[in-house]
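These notes are about the structure you will find just below.
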Amino acid sequence: MGVITKKIKGTEDVLPKESYRWQFVENIMREEAANFGFKEMRTPVFEHTELFARGVGATTDVVQKEMYTFDTKGGESVTLRPEGTAGAARAVLEHALPNEGLPIKAYYLTSCYRYEKPQAGRLREFHQFGVEEYGTSSPIADAEVISLASSIFKRLQIKDLHLEINSIGCPCCRPKFNEALKEYFSAHKEELCGNCLNRLEKNPMRLIDCKVPSCHEIAKDAPSILDFLCDECREHFELVKKYLKTAGIEYKVNPTIVRGLDYYTKTVFEFVSDAIGSQGTVCGGGRYDGLIEELGGQHMPSLGYAMGIERLLMVMDNQGIEIPKPASCALYIAGLGESAQLKAYELVNSVRKSGLPAEGDVVGRGLRAQMKYADKIGAKFSMVLGDNELAEKKAKVKNMTTGELTELELDENFAVKFASLHMAAEFEIVE
Ligand code: ATP
Ligand code: MG
């Protein structure tokens, strides 16, 4: 039998040597979300296909072309989640969360699946941090969720992300806009791509952000939604801008942002980077006031967004933003001979119990190989235990950076004494 060494196209592994980068970004996301009053929500990786058809929208690229859908052995059609919002909304309804008070503020860190053409920044399994806020129509909420994204980017020290915002109206004003779009694009029918021709009747707003160059050129002169907004949508948009200004968040109004999913109303926005080529949208979202109703619930204005973690890490890489490597080993204890090894094992455990990472030999190596390994894993201190050390109940701990030796007694206070030595060295490094 052949060895299986190939992962599925469009998927990525996160290896032990690089997972700290993910953890760093995810921890900041969790902390900032908590600061803004959002709690984590976890939903299943697959849902009834019907949920996405209704929640994401039957005419969207995601539903028409990108979903991983299959029949189970029981004959049920299920789909791997292509995004997080529909599942979150389903859970909110299923567990009657609105009864527990509004707004509901939730976030998720999750994998998503889309059958797309893999390229830099575009995968078939990718990861999102997403935020959902249910039960508020206030423009303050729009500004709040955008501020949360902005705080995350600030803490990650990302520099060149531009916020672009737009309003795509509501069921009251959008039909007139759609009519105007149909009229405009119908006059250019011969020049449109097949995809746009199909969508012209059902979902003409999608033609505005078609990436095919000839369509893109035509879309440049298309009518602007901002000329069609009803009073309520216009006022909402003005207030969102006002609150963003108050929060000190810079933005640009871009009337061509319409977003790929059907459920959006009023505010839509994207954070875009110039640093990673054409897959530059790191975060996208907006309001979806009609979604909960679409899924069978009562009218409940809501909003949210998702950011792609792979794209975020790409931007950080590109900008040379250094992610601090966590301390992997504070003390390596090498033991020579059976009794010393047993003592080393005991001391390693006591240091671990005190909360510092410690390691000893688990392979059966000789002293030289053990010290080489200690160096390789970046141990801050090392200690060698042999018969002499056991007899004298003392051993020298070596600071691997400075070479300095400190003698410690091998008694029940060893871990405490090592911890203070370790802390003193940390302070020296900071000074
Ligand atoms: P795009 O226009 O790039 O296809 P989208 O509008 O389909 O993006 P959303 O559904 O809004 O994207 O998802 C939110 C974020 O998730 C995106 O801004 C992006 O950072 C990330 N994302 C979406 N699709 C992928 C993918 N296939 N691979 C990696 N990241 C993705
Ligand atoms: Mg897409």
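These numbers were taken from a predicted model, which means no experiment stands behind them. Note that ligands are numbered from 1 as they come in the structure, with each ligand's atoms numbered from 1 the same way. One-based numbering along the sequence shown.
The part of Gln128 lying near ligand 1 is the side chain, judged by heavy-atom distances below 4.0 Å. In Glu12, neither the side chain nor the backbone holds a heavy atom less than 4.0 Å from any atom of ligand 1. Residue contacts with ligand 1 for Cys112 are absent, since no atom lies close enough (heavy atoms, distance under 4.0 Å). Of all the heavy atoms of Arg122, the ones lying under 4.0 Å from any atom of ligand 1 are found in both the backbone and the side chain. Contacts between Val62 and ligand 1, counted as non-hydrogen atom pairs separated by less than 4.0 Å, are absent for every part of the residue.
The aromatic rings of His127 and Trp22 stand perpendicular to each other, their planes meeting at an angle above 60°, with 30° marking the opposite boundary.
Cation-pi check for Arg287 over Tyr264 is not met; the charged atom does not lie both under 6.0 angstrom from the ring centroid and within 45 degrees of its normal. Relative to the six-membered ring of Phe38, Lys105 meets both conditions, a distance below 6.0 Å and an angle of at most 45° to the axis. For the pair Arg124 and Tyr115, the distance from NZ or CZ to the six-membered ring centre is under 6.0 Å and the angle to the ring normal is within 45 degrees.
Ranked by closest heavy atom to atom 9 (P) of ligand 1, the top entry among Met314, Glu116, Gln279, Arg259 is Arg259.
Annotation: side chain of Met307 is in contact with side chain of Ile152 (closest heavy-atom distance under 4.5 Å).
Atoms of ligand 1 lying under 4.0 Å from any heavy atom of Leu123, numbered from 1 in the order shown and given with element: 26 (C), 27 (N), 28 (N), 29 (C). Which parts of ligand 1 touch Val282 is read off a 4.0 Å heavy-atom cut-off, strictly below it: atoms 18 (O), 20 (O). Every atom of ligand 1 with a heavy atom of Lys211 under 4.0 Å away is listed here by number and element: 2 (O).
For the residue pair Glu18 and Tyr20, no side-chain donor N or O sits within less than 3.5 Å of a side-chain acceptor on the partner.
Partners of Glu76 by side chain to side chain contact (heavy atoms under 4.5 Å, CB included), not counting sequence neighbours, listed by chain and number: His48, Thr72. Take Tyr332 and apply the ring-ring contact (aromatic ring centres under 6.0 Å, His included) test, not counting sequence neighbours, and it matches no residue.
Ligand 1 has an N or O atom lying under 3.5 Å from an N or O atom of Gly308, backbone or side chain.
Within the 4.0 Å heavy-atom shell around ligand 1 one does not find Glu310.
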